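Since the structure is predicted, the reported quantities are computational estimates derived from the model, not experimental observations.
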Amino acid sequence: MSDTDKLVIIGSSHHNTYSMIRCFGESGVQPEVILYGKSDSFLLHSRFVKGCFVADNAEDALVMLKDNYKGAVVIACTDDIASLMDKEYDNLIQHFKFFNCGRNGRLTEYMKKTKQIAAAEQAGLRVPITIEASSMDIDLSNIPYPCILRPLESIHGGKNIQVCYSKKDIPSALNAFDNNVKLLVQEFVFKDYEIVLVGLSTAERIIIPAYIHKLRDTKGGTTYSLVKPIEDIPVSVVNSCKKLVAGMSYNGLFGIELMCKGDDYYFVEINLRNDATTYAVNVAGCNLPLAFWKNCHGENADEIFTSSIRQIYSIVEFNDFVSVLKCKVGIIKWFRECKASECKYFYSSVDPEPYKIRRKEFVSFLMKRIFKF
């Protein structure tokens with residue numbers, strides 16, 4: 001296999017990374033993997049992994065990519081890697097095919113929530129009232145209540161979100177963030193539910209074949225959901241989402257999160273990388289990562305682009321079981337929902353070892369939690 005035929009997935013020890021391995025492996029394409037942050041990850045035991053490098057951090061992972069895989073197609077599974085590659089766009093684009101916004105540093109700029117919100121509003125999407133602030137300096141007089149505090153950039157602070165119902169809640173909410181993290185203060189929308197529009201942007205087209213109706217999440221990450229065809233969403237909303245992506249000159253996989261209140265759709269954020277829910281869309285009928293791979297090689301992906309979407313349930317088994325521990329769902333109901341979910345992020349009958357290892361780790365976690373009490 002030549003370097004130009006190689007596929008490299010870079011990420012951390014997370015179901016996001018494993019889901020990309022499965023998207024390709026289950027379709028007959030074996031990826032190389034560069035993992036950072038954990039040397040004994042469950043995903044290294046996948047039968048779909050052709051070869052693997054393990055790095056201490058994202059910076060070292062990028063060095064490994066440059067030293068070993070010139071010419072490869074690269075799938076970024078974390079904001080860290082997507083940003084690092086973006087900052088070296090001018091050099092890397094000569095040797096790799098990867099998610100980008102067409103020029104040095106542009107993708108990283110669009111990781112800033114204020115930049116995303118301005119672009120979303122220009123594209124025609126509704127946005128909550130938003131104020132940019134420092135964790136050390138917030139003008140309380142300009143804040144709408146209730147409000148949420150969240151990091152300005154997901155790459156710094158992750159999905160940490162704090163809800164404040166009055167001025168009295170601000171000090172304790174600030175304590176949840178590092179002092180150097182820039183924050184957004186945003187109007188709290190009393191949503192009915194949240195959705196994720198999952199898509200792929202190429203030079204020729206922007207396709208959004210399905211959306212994820214979030215039913216449960218843990219720390220902002222979707223853990224139990226319903227995959228539905230995009231036709232159920234108003235065309236005007238879908239077109240605005242496509243306009244948003246096009247305005248960023250983005251090429252790659254993406255996920256756009258929206259809050260739904262009645263007939264209104266409010267923009268939350270866009271992930272300019274593989275969104276973990278992409279795997280659920282694959283199980284439902286449309287393998288967008290494979291379409292990206294084919295497009296990078298100049299192959300026809302029309303069969304994938306025109307695939308119909310089946311409505312299915314999806315579950316991130318071990319992550320979602322936290323809802324049982326927190327008494328948000330009964331254990332019997334949870335097992336029924338898990339059994340009925342066609343998309344499972346860890347269990348695979350054709351790739352059983354990662355699930356077995358992850359299950360052992362989770363049982364160990366539960367035992368420690370039980371004996372702690």
A side-chain contact here means heavy atoms from C-beta on lying under 4.5 Å apart; do [X] and [Y] qualify?
{"X": "Tyr36", "Y": "Asp80", "answer": "yes"}
{"X": "Pro289", "Y": "Thr278", "answer": "yes"}
{"X": "Val237", "Y": "Ser240", "answer": "no"}
{"X": "Glu337", "Y": "Tyr224", "answer": "yes"}
{"X": "Ile117", "Y": "Gln186", "answer": "yes"}

Enter the distance from [X]:[atom1] to [Y]:[atom2] here, rounded to the nearest 0.5 Å.
{"X": "Phe321", "Y": "Thr218", "atom1": "CZ", "atom2": "OG1", "result": "12.0 Å"}
{"X": "Arg22", "Y": "His15", "atom1": "CZ", "atom2": "NE2", "result": "11.5 Å"}
{"X": "Leu125", "Y": "Leu258", "atom1": "CG", "atom2": "CG", "result": "6.5 Å"}

Does any donor atom in the side chain of [X] or [Y] lie under 3.5 Å from an acceptor atom in the other side chain?
{"X": "Ser314", "Y": "Tyr279", "value": "no"}
{"X": "Asp351", "Y": "Ser46", "value": "yes"}
{"X": "Ser83", "Y": "Thr108", "value": "yes"}

TODO: Sorted by first residue and then second, give each salt bridge (charged side-chain N to carboxylate O under 4.0 Å, His left out) pair with at least one member in residues 301-321; sequence neighbours left out.
DONE: Arg205-Asp302, Arg216-Asp320, Arg310-Glu342

- [ ] Answer yes when Glu269 and Arg150 have at least one side-chain N-carboxylate O distance shorter than 4.0 Å, and no when they do not.
- [x] yes

- [ ] Check the angle between the aromatic planes of Phe346 and Phe318 and answer parallel, tilted or perpendicular using the 30° and 60° thresholds.
- [x] tilted

Open item on the list: Over 60° means perpendicular and under 30° means parallel, so tell me whether Tyr250 and Phe254 are parallel, tilted or perpendicular.
Closed with: perpendicular

Open item on the list: Just to verify, which of Ile230, Ile304, Leu288 counts as forming a side chain to side chain contact (heavy atoms under 4.5 Å, CB included) with Pro209?
Closed with: Leu288

Task: Tyr110 six-ring face occupied by Lys115 cation (under 6.0 Å, within 45°) - done: yes

Open item on the list: Taking the six-membered ring for Trp, are Tyr18 and Phe42 closer than 6.0 Å centroid to centroid?
Closed with: yes

- [ ] Given side chain to side chain contact (heavy atoms under 4.5 Å, CB included), test Val227 with Ile212 step by step and report yes or no.
- [x] CA-CA 5 Å; Val227 185; Ile212 308 296; 3.8 Å; yes

Task: Among Phe24, Phe98, Phe305, Phe99, ring-ring contact (aromatic ring centres under 6.0 Å, His included) partner for Phe292 - done: Phe99

Open item on the list: I'd like to know if the side chain of Thr202 and the backbone of Glu204 have a donor-acceptor N/O pair within less than 3.5 Å.
Closed with: yes

Open item on the list: For Ala76, is there any backbone N or O sitting under 3.5 Å from a side-chain donor or acceptor partner on Asn274?
Closed with: no

